[in-house]
Amino acid sequence: MSSNLTGKKALVTGGTHGMGLAIVKALLAAGAEVVLTGRNEQTLEDARTELAGQAAHVVRSDAASMADIAALADTARERLGQIDHLFVNHGIAAFAELAEVTEAEWDRHFTINTKGAFFTVQALSPLLVDGGSIVFTTVGNDLIFPGLSAYSASKEAVRAFAHVLAAEFLPRKIRVNSVAPGFIETPTMGVPGLSEQEREEFVRQGHESTPLRRTGTVEEVATAALFLAVDATFSTNVELAVDGGFAQGLPVTH
Ligand SMILES: NC(=O)c1ccc[n+]([C@@H]2O[C@H](COP(=O)([O-])OP(=O)(O)OC[C@H]3O[C@@H](n4cnc5c(N)ncnc54)[C@H](OP(=O)(O)O)[C@@H]3O)[C@@H](O)[C@H]2O)c1
């Protein structure tokens with residue numbers, strides 16, 4: 001990362017582990033002050049310990065709760081004053097094929113991944129500086145997996161409103177972009193609650209089906225996210241795939 005972010009303020013939802021934490025660490029290394037969120041008390045505490053002594057504010061905020069989202073805006077105003085770069089990264093997924101998808105699970109995906117992402121931006125919008133940036137974490141376009149219909153639909157909706165928000169933020173020169181990860185090795189692989197065996201199988205599938213024949217790292221996603229947020233000053237409404245060629249029509253023949 002080339003840019004110096006000294007004096008810049010950033011907020012990362014779902015920043016306590018995985019890609020979000022890598023984004024937080026890259027921001028801190030570049031000199032930014034960061035508010036990061038999560039929901040699970042243990043992972044919040046782990047993040048507090050890991051980031052102790054740095055310009056990081058670890059805040060419990062459930063993206064499924066409108067009250068928490070409103071409180072997050074208050075906290076961000078108190079701690080940061082304004083936000084230069086907003087990363088809407090939080091997300092959950094759970095495997096269930098058609099017959100097993102319950103209404104509650106469908107709603108959980110859309111409440112956290114879609115509604116939570118949208119209303120986070122709405123609540124934080126007054127704090128965003130003109131000329132700032134928003135980066136959503138979506139998912140690779142062609143990452144089509146049996147059992148992930150609710151998840152995929154919830155992220156497609158984010159992709160859809162990201163385009164509209166890119167247009168709506170034009171008058172404020174706020175750029176709105178997305179990173180679209182493929183198979184990235186995170187503690188959960190994006191699917192909290194997987195058994196270690198299921199997780200290993202998911203990683204194996206990633207190695208086999210990705211044209212570059214490996215899974216990606218959280219640092220590779222963070223590099224792409226910060227590029228969009230900070231350095232890509234003439235890019236808006238772009239979705240940058242970070243997927244080893246997965247969605248780019250390349251063969252997996254070698
Ligand atoms: N890993 C992949 O291969 C992959 C691929 C494509 C897209 N993605 C997407 O990339 C993003 C990051 O994935 P990851 O693999 O890094 O996931 P992760 O390691 O599971 O991290 C997810 C983050 O979101 C937070 N979060 C979950 N539910 C939340 C809620 N209701 N409110 C606030 N925070 C919440 C988690 O905090 P808690 O500890 O509190 O749960 C955690 O900080 C997600 O949007 C995911 O869908 C992942």
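Each ligand, and each atom within it, is numbered from 1 in the order the structure gives.
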Nearest non-hydrogen contact with atom 14 (P) of ligand 1 belongs to which option: Val242, Thr186, Val179? Thr186

Ranking Thr188, Thr215, Leu21, Val24 by closest non-hydrogen atom to atom 20 (O) of ligand 1, top hit is Thr188

For Gly18, take its heavy atoms, then give the atoms of ligand 1 lying under 4.0 Å from any of them. 16 (O), 19 (O)

Does Lys155 approach ligand 1 within less than 4.0 angstrom via side chain, backbone, both or neither, non-hydrogen atoms only? side chain

Nitrogen or oxygen atoms of Gly190 and ligand 1 under 3.5 Å apart: yes

May I ask you to check if ligand 1 and Gly38 share an N or O to N or O distance below 3.5 Å? no

Ile92 versus Arg39, closest heavy-atom pair with distance: CG2-NH2, 4.3 Å

Where is the tightest heavy-atom contact between Ser178 and Ala162, given as atom of each residue plus distance? OG-CB, 4.1 Å

Among non-hydrogen protein atoms, atom 39 (O) of ligand 1 lies closest to Thr43 OG1, 2.6 Å

CA sep, side-chain torsions, deciding dist, call: Glu50, Lys25, salt bridge (charged side-chain N to carboxylate O under 4.0 Å, His left out): CA-CA 10 Å; Glu50 185 165 359; Lys25 288 178 179 172; 2.6 Å; yes

Where do Gly20 and Val12 come nearest, in terms of heavy atoms and distance? O-CG1, 3.8 Å

Who passes ring pair (Phe, Tyr, Trp, His ring centres under 6.0 Å) against Phe183, sequence neighbours left out? Phe145, Phe202, Phe246

Is there a donor-acceptor contact under 3.5 Å linking the side chains of Glu201 and Gln197? no

Can you tell me if Thr138 contacts ligand 1 (heavy atom of the residue under 4.0 Å from the ligand)? yes

Does only the side chain of Asp62 get under 4.0 Å from ligand 1, or the backbone, or both, or neither? Count heavy atoms. both

Which residue and atom name correspond to the protein heavy atom nearest atom 10 (O) of ligand 1, and how close is it? Thr137 CG2, 3.2 Å

Quick one: do Arg60 and Glu45 make a salt bridge, cutoff under 4.0 Å? no

Out of Ser61, Gly14, Pro187, who is nearest to atom 33 (C) of ligand 1 when you count heavy atoms only? Ser61

The protein heavy atom nearest to atom 3 (O) of ligand 1 is Ile184 N, 3.0 Å

Angle class for the His85/Phe87 ring planes (parallel below 30°, perpendicular above 60°, tilted otherwise)? tilted

Of all the heavy atoms in Gln42, does at least one lie under 4.0 Å from an atom in ligand 1? no

Protein residue, atom and distance nearest to atom 36 (C) of ligand 1, heavy-atom basis: His17 NE2, 3.8 Å

Got a salt bridge between Glu185 and Arg199, using NZ or NE/NH1/NH2 to carboxylate O under 4.0 Å? yes

For Asn89 and Thr13, work out which heavy atoms get closest and say how close. N-OG1, 3.0 Å

Using 4.0 Å as the upper bound for N to carboxylate O, is an ion pair formed by Arg204 and Glu200? no

Judged by heavy atoms only, the candidate from His90, Arg39, Met19 nearest atom 28 (N) of ligand 1 is Arg39

To the nearest 0.5 angstrom, please state how far the CE atom of Met19 sits from the OG1 atom of Thr137. 7.0 Å

Under 4.0 Å from any heavy atom of Ile92, which atoms of ligand 1 are there? 27 (C), 28 (N)

Is any N or O atom of Val139, backbone or side chain, closer than 3.5 Å to an N or O atom of ligand 1? no

Heavy-atom contact under 4.0 Å between Gly15 and ligand 1? yes

The option among Phe87, Tyr151, Phe183 carrying the non-hydrogen atom nearest to atom 47 (O) of ligand 1 is Tyr151

Are Lys8 and Glu33 within salt-bridge range, i.e. N to O under 4.0 Å? no

Ring centre gap for Phe95 and Tyr151 strictly below 6.0 Å: no

Assess Gly182 for proximity to ligand 1: is some non-hydrogen atom of it under 4.0 Å away? yes

Do any heavy atoms of Thr13 fall under 4.0 Å from ligand 1? no

Salt-bridge criterion met for Arg172 and Asp130 (N-O under 4.0 Å): yes

Quick one: which ligand 1 atoms are inside 4.0 Å of a heavy atom on Ile112? 31 (N)

To which protein heavy atom is atom 11 (C) of ligand 1 closest, and what is the distance rounded to 0.1 Å? Asn89 O, 3.2 Å

Identity and separation of the nearest protein heavy atom to atom 32 (N) of ligand 1: Ala63 N, 2.8 Å

Note: Asn40, heavy atoms under 4.0 Å from ligand 1, region reported as both

Would you kindly specify which portion of Thr16 sits under 4.0 Å from ligand 1, judged on non-hydrogen atoms: side chain, backbone, both or neither? both

